[in-house]
Amino acid sequence: MKLHQIGAILFLLVRTTGFGQVDENVIFNSSNLPIVIINTNGLTIVDDPKITADMGIIDNGTARNNVTDPYNAFSGKIGIEIRGSSSQMFPKKQWGIELRDDAGESKEASLLGMPAEEDWVLFAPYNDKTLMRDALAYALGREMGGVYAPRTRYCEVVLNNVYQGVYVLIEKIKRDKNRVDINKLDPDEVSGNNLTGGYIFKIDKSTGGDGEGWASNYPPSHASNQTIYFQYDYPKAENIVDVQKTYIQTQVKAFEDALHGDQFADPALGYAKYIDVNSFIDYFIMQELTKNVDGFRLSTFLYKQRDSDGGKIVLGPIWDFNLGFGNADYCTKGEPKGWANNFNMICPDDYWLIPFWWDRLFTDPAFGTKVASRWATLRAGAFQESAIQNRIDSLTNLLNAESQQRNFKAWKVLGQYVWPNYYVGPTFQDEVTHLKKWVSERLIWMDQNMPLLITAVESEKAKSTVSASPNPFSSDVTIDYELTRPGDVTIRILDALGRTVNHTDIPHSGPGHFAYTWTGSGAQGIYFFNVRQGPKVLGSGKLSRK
């Protein structure tokens, strides 16, 4: 366990007796939001298994909702359990919900205008004091088009006659025609086209799932002692049979082998043969727009359709953004500058690291060009600053009407540090103002640095013929490299935020041993370098200026 994780646990344990308890004296009679009322009939909600409870939902449309109104949006049995990973430490719990009939069997129903399904999430914003980071991210994801992104609705929740605050009802990620639209895969489908789909798998902590899966053959970039682990999500670990396990493992291995191989950029033989490239591009942009500290390495879902439906591996749906938009104070941190995909370089000893995919993908000029084109398209449409700011304003107006005031009376976290807040504002409006400013600065930074990213990301698996000395250095550092053929060499020095601080192009008329000396004019700290000859990365590494 890492220091920032230990610190988080200790902090929460200390503060739970302070502002970490719900104020049971909050008066709640009515709301402009739908009201969800849950009664566990004396049972305690636990992590697993789900307990049976009663749930009623009041939604009068544009009319006001009163706790004494009839349950007109749902009334019936549910299974309920605590869900989440690190969020389970917070006193305001989020829950997984399964709709059930009177016999205890699961049943589908439409909730708050969203398509009928049986499985839902009641998400509890606690360390996100704007209450909107997840809802905002999913909305932007839906506007991107392409891969499904969960629908959401705000509500206020009462549990066993105690007001619990503002929640977000979210569609759980699962196979469904209105969610991840892939074929049902039964245990007896073990050959032919049926075997090829559909599958959902993920890179994540084992909390909240079975944890069964398989390890990648390739370590994450900038680390040799870590393993990327894929988990079965659909079919579930208890339902997926050995032939199906072998098939999906083989498909992922084929993708990683191709991406890692010498012909990785070949449109017919390389990575593009196995993956939906556009889904990877959109996923990358969404994680970087939000600078999600958990992006790429946790809550990372993928799925595969049947070959008859395209058959490629799709990256998505997006999930879990409460630490995005500048809400984390560790590793890549909450300032609007820097790349989330640099996580491995900044926190190489973290237990959960990012797969080698992204460093390798950006060494293909075609991939970088597509990312730049997609970014430009989104910036002219859904990701215009005015469009994002208007959406934040809309969510603010909805919450600021009354519900956020009650929420923060129940949970007294405003003006308090709640792990891992990068910014702590005294009021809800201060938190929203900071979010809006952060978004504005993030968009500007990405516009300025996207071209640098496309040319500056290095491949971890390149055979290194490069070294740097002295390291640490105080003024000058010499980068030595070996060439086997003539050609121009590009040397880049980047700071810890991923910004290029030095760019040098050096022509060479023949092979041989060469050296380049950089006089570091920046501040003390960590830097990174890479040496490239054409599309080939000769080597890269970390520098320390003392």
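Worth saying up front: this structure is predicted, and the values here are computed from it rather than measured.
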For this session: State whether the number of non-hydrogen atoms from other residues, nucleotides or ligands found under 6.0 Å of D48 atom CG is greater than 12.
Result: yes
For this session: Spell out, as yes or no, whether a donor-acceptor pair under 3.5 Å connects the side chain of Q251 to the backbone of Y274.
Result: no
Exercise. Going through the distances and angles, do F284 and F362 end up as a ring-ring contact (aromatic ring centres under 6.0 Å, His included)?
Worked result: CA-CA 11 Å; F284 171 84; F362 275 103; 5.0 Å; yes
Exercise. So, E171 and Y148: side-chain donor and acceptor under 3.5 Å apart, yes or no?
Worked result: yes
Exercise. T130 and E431: side-chain donor and acceptor closer than 3.5 Å?
Worked result: no
For this session: Check whether NZ of the Lys or CZ of the Arg K92 lies under 6.0 Å from the centre of the six-membered ring of Y167 and within 45 degrees of that ring's axis.
Result: yes
Seminar exercise, completed: Heavy atoms of W419 and N127 approach each other most closely as O-ND2, 3.1 Å
For this session: Assert yes or no for the condition that the ring centre distance of W438 to W445 is strictly below 6.0 Å.
Result: no
For this session: For N421 and V418, indicate whether the former's side chain and the latter's backbone hold a donor-acceptor pair under 3.5 Å.
Result: yes
Exercise. Charged N to carboxylate O under 4.0 angstrom, R297 versus D294?
Worked result: yes
Problem set entry | Atom of E385, atom of S440 and distance for their closest heavy-atom approach | OE2-OG, 2.9 Å
Exercise. Are any side-chain N or O atoms of D276 and backbone N or O atoms of K312, one a donor and one an acceptor, separated by less than 3.5 Å?
Worked result: no
Exercise. Is the backbone of I354 close enough, under 3.5 Å, to the side chain of N344 for a donor and an acceptor to pair up by distance?
Worked result: yes
Problem set entry | Closest heavy-atom pair and its distance - E108, A116 | OE1-O, 4.2 Å
For this session: Could you label the plane-to-plane angle of the F230 and F201 rings as parallel, tilted or perpendicular, counting under 30° as parallel and over 60° as perpendicular?
Result: perpendicular
Exercise. Are E117 and R151 close enough, and set up right, to give a salt bridge (charged side-chain N to carboxylate O under 4.0 Å, His left out), and what steps lead you there?
Worked result: CA-CA 12 Å; E117 236 293 340; R151 302 170 186 89; over 6 Å; no
For this session: Please confirm whether the backbone N or O of S394 pairs with a side-chain atom of N390, one donor and one acceptor, at under 3.5 Å?
Result: no
Exercise. If you draw the axis of the six-membered ring of W120, does the NZ or CZ of R83 fall within 45° of it and under 6.0 Å from the ring centre?
Worked result: no
For this session: Please determine if R360 forms a cation-pi arrangement with Y271, meaning its NZ or CZ atom is less than 6.0 Å from the six-membered ring centre and no more than 45° off the ring axis.
Result: no
For this session: Hey, can you tell me if F280 and W357 have their rings parallel, tilted or perpendicular (30° and 60° cut-offs)?
Result: tilted
Problem set entry | Steps toward side-chain contact (heavy atoms from CB on, under 4.5 Å) verdict (K291, E335) | CA-CA 9 Å; K291 201 188 175 190; E335 60 266 10; 4.0 Å; yes
Problem set entry | Test item: side-chain donor near acceptor, K437 and Y423, under 3.5 Å | no
Problem set entry | Residue that, paired with Y199, satisfies ring-ring contact (aromatic ring centres under 6.0 Å, His included) out of Y247, Y234, F301 | Y247
Exercise. Is it true that a side-chain atom of K184 and a backbone atom of R175 form a donor plus acceptor pair closer than 3.5 Å?
Worked result: no
For this session: Measure from the side-chain N and O atoms of Y229 to the backbone N and O of G213, and report whether any donor-acceptor pair falls under 3.5 Å.
Result: yes
Exercise. Is the closest side-chain heavy-atom distance between K172 and R179 below 4.5 Å?
Worked result: yes
Exercise. Is it the case that D359 and H222 place a side-chain donor and acceptor less than 3.5 Å from each other?
Worked result: yes
Problem set entry | Note: K174-E118 ion pair, threshold 4.0 Å (strictly below) | yes
Exercise. For the atom pair OG1 (T433) and CZ (F428), what is the distance rounded to the nearest 0.5 Å?
Worked result: 9.5 Å
Exercise. Are any non-hydrogen side-chain atoms of I203 and F296 less than 4.5 angstrom apart?
Worked result: no
Problem set entry | Any donor-acceptor pair under 3.5 Å from T332 side chain to V293 backbone | no
Exercise. Are any side-chain N or O atoms of Y138 and backbone N or O atoms of D320, one a donor and one an acceptor, separated by less than 3.5 Å?
Worked result: yes
Exercise. Would you say K370 has more than 12 foreign heavy atoms packed within less than 6.0 Å of its NZ?
Worked result: no
Problem set entry | Presence of salt bridge, D430 and K129, under 4.0 angstrom | no
Exercise. Can you list the steps and then say if V157 with W95 is a side-chain contact (heavy atoms from CB on, under 4.5 Å)?
Worked result: CA-CA 11 Å; V157 174; W95 301 304; 3.8 Å; yes
For this session: Determine the minimum heavy-atom distance between G338 and R442, stating which atoms define it.
Result: O-NH1, 2.6 Å
Exercise. Crowded around K333 NZ? As in, over 12 foreign heavy atoms under 6.0 Å?
Worked result: no
For this session: Evaluate the side-chain contact (heavy atoms from CB on, under 4.5 Å) criterion for residues Y283 and V147: first the C-alpha distance (whole Å), next the side-chain angles of each, then the deciding distance (0.1 Å), finally the verdict.
Result: CA-CA 9 Å; Y283 193 91; V147 178; over 6 Å; no
Exercise. Using a distance-only test with no angle check, is there a side-chain donor-acceptor pair under 3.5 angstrom linking Y232 and Q249?
Worked result: yes
Exercise. So, the side chain of Q305 versus the backbone of G197: is there a donor-acceptor pair under 3.5 Å, distance only?
Worked result: no
Exercise. Under 3.5 Å, is there a donor-acceptor pair between the D257 and Y218 side chains?
Worked result: yes
For this session: Apply side-chain contact (heavy atoms from CB on, under 4.5 Å) to L112 and I57, showing your working.
Result: CA-CA 9 Å; L112 300 180; I57 301 179; 3.7 Å; yes
Exercise. Between E212 and K245, is the closest basic N to carboxylate O distance under 4.0 Å?
Worked result: yes
Exercise. Is it true that the NZ or CZ of K205 lies under 6.0 Å from the centre of W352's six-membered ring and within 45 degrees of the ring axis?
Worked result: yes
